[in-house]
Number of protein chains: 2
Amino acid sequence: MKTAAVPADDQIDISTQSIRDSIRDAIVDRRLAPGTKLSEADVGALFNVSRTLVRAALQALAYEGLVNVEKNRGAFVAYPSPEEARQIFATRRLIEPGILREAAKHMGPSHLQHLRQLLMEEGRLMAERGQTARRAEIKASGDFHLMLASMTGNAVMQRFMDELVARSSLVIALYGQSAISSCGHQEHHDIVTAIENGDLDRACHLMIHHIDHIEADLDMRENKGSDLREAFGL
Amino acid sequence: MKTAAVPADDQIDISTQSIRDSIRDAIVDRRLAPGTKLSEADVGALFNVSRTLVRAALQALAYEGLVNVEKNRGAFVAYPSPEEARQIFATRRLIEPGILREAAKHMGPSHLQHLRQLLMEEGRLMAERGQTARRAEIKASGDFHLMLASMTGNAVMQRFMDELVARSSLVIALYGQSAISSCGHQEHHDIVTAIENGDLDRACHLMIHHIDHIEADLDMRENKGSDLREAFGL
DNA sequence: GCGCAAAAAATCGTATACAATTTGACCATT
DNA sequence: AATGGTCAAATTGTATACGATTTTTTGCGC
């Protein structure tokens, strides 16, 4: 009956926000499998806080779409349906070109430098092998898009992208096939190059294809686990 | 020290969701002025529930950007800064054309019918005068955009638009000049007409201008109240 | 051994209790 | 009168308590 463990930072006094972030990281990094039950008592015990704070954190995560709360049953790590996944990527295709253009407006040489730097890091991590590398890779891939969003200087867009990237990571972790995603890295580079050349149309074009590729790499046939609950009502 | 009143549905047993919706409606309808303190105890008394549920509702509203929660000080109806307002409309310009195109894909004659119907309603309300009419007008105006979003069949986009429209309503209530907004109604009609004619480029063009007009109608000079807290750091 | 009903345990929903922090008032001092 | 400080009241932060619901286990008959 134990729920899956989240690494407990020992001792430290922890607030709602920290709990939320810890659980979120664990979900996005796939240390918590989709469908895992997040019992209020158990999570509280791990962090040495009362259920009150855990509840608040779980409700916030539910709002972000990373957790499902079922009345009188508890909170579960979200298990996005293929349809949900499609909607997430459709939304990204819709807004990311705009974010790209907006970001490009505010971009100086130092910003481009930062982007390249992030891609270098991403490249290094991808050289590795194994589970850890894959996690880091997914994360780094998301960070590229988040950095673009932050360069718009628009906090609203940034928050939307935060949510979309987090949910995308969950989807990729769920349905992703380990192999191919390395081409995504090259696409990031190409996008930055297009921006550098001032060819925004091309950059947007590349961005859309990039998102297409991410989605195409997924194998979203059902029954990759206990989809049963969703298969019926809730 | 009394906080402003929310109309209390007598007796009925009320859940977190209802409280959230009631407060949200009150904020969007401007029955609760921006900056108003929402004391947990007072709100709880109005709805005959404990602070626990009120807190949950307020936290959810904070996530939507309709309420600011300041640590150890309490929750206040959001008082969006001009910069925030600009970001909200910038985001809308970014995503609404895409929503329009996406919605158009899924649109049949019955959907167009629904849109026209909504606009008729909107027109009737605008004939009225006074505070109530203005509220209804703001609401109806938002509903048009929400209905478009719902026609995409994309729940993620729909939620984003929910948030954007709610926050826009708050901004309009705050900075809006009562006079001019009636032209927005005509613009809604024009957009639907363009969709009917299958001229999506034109519809998108109109949509962007429509949002521009809404924003242009605002008078966002500072000091429309006690902006002091925001003027410094929080 | 299998199915089913009832009891027991676990878990969530909500209220309340208590600690920590802020707010406001009152008074002393300059 | 203005400034500053201390204490009381109010308000939020967190934990705990208790009732309601769900889940599991038990035990009985077949």
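All chains are named by letter (A, B, ...) in the order of the sequence lines, taking the proteins before the strands, and each is independently numbered beginning at 1. Note that the structure is a prediction, hence the values are computed from the model and not measured.
Checked by atom type, the side-chain pair B/Glu83/B/Gln87 shows a donor-acceptor distance below 3.5 Å.
To the nearest angstrom, C1' of D/dT14 lies 14 Å from CD of A/Glu40. Nucleotide D/dA15 holds its P atom 14 Å from the CZ atom of B/Arg51, rounded to whole Å. Remark: C1' of D/dG13 and CD of B/Glu70 are 15 Å apart, rounded to the nearest angstrom. One can place CD of A/Gln17 at 13 Å from P of D/dG13, the figure rounded to the nearest angstrom. Separating the CG atom of A/Asp42 from the P atom of D/dT23 is a distance of 16 Å, rounded to the nearest angstrom. Protein atom CG of A/Asn72 is 12 Å distant from nucleotide atom C1' of D/dT23, rounded to whole Å. Regarding A/Phe47, its CZ atom lies at a distance of 17 Å from the C1' atom of D/dT14, rounded to whole Å. Whole-Å rounding puts the B/Lys71 NZ to D/dT11 C1' distance at 14 Å.
The salt bridge (Lys or Arg N to Asp or Glu O under 4.0 Å) pairs that include a residue from residues 167-176 of chain B are B/Glu84-B/Arg167, B/Glu163-B/Arg167, where partners are two or more places apart or lie in different chains.
A/Thr52 has no side-chain polar atom (N or O) that falls below the 4.0 Å cut-off from OP1 or OP2 of D/dT14. Under 4.0 angstrom from either OP1 or OP2 of D/dT12 there lies at least one side-chain N or O belonging to B/Lys37. An OP1 or OP2 oxygen of C/dG13 is reached within less than 4.0 angstrom by a side-chain nitrogen or oxygen of A/Arg55.
In this view, A/Leu218 and A/Phe89, A/Val171, A/Ile172, A/Tyr175, A/Met220 satisfy the side-chain contact (heavy atoms from CB on, under 4.5 Å) rule, not counting sequence neighbours. Applying the side-chain contact (heavy atoms from CB on, under 4.5 Å) rule to A/Asp162 yields the partners A/Leu146; only residues at least two apart in sequence or on another chain are considered. Listed by chain and residue number, A/Ser50 satisfy the side-chain contact (heavy atoms from CB on, under 4.5 Å) test with A/Thr52 (two or more places apart in sequence, or in another chain). Under the side-chain contact (heavy atoms from CB on, under 4.5 Å) criterion, B/His213 pairs with B/Glu187, B/His209, not counting sequence neighbours.
Applying the 3.5 Å distance criterion, the base of C/dG13 shares no donor-acceptor pair with the side chain of A/Arg73.
When all heavy atoms of A/Ala75 and A/Leu58 are compared, the pair lying nearest together is CB-CD1, 3.8 Å.
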Problem set entry | Watson-Crick and G-U pairing of DNA chain D, under 3.5 Å, as dot-bracket with | and [ ] | ||||||||||||||||||||||||||||||
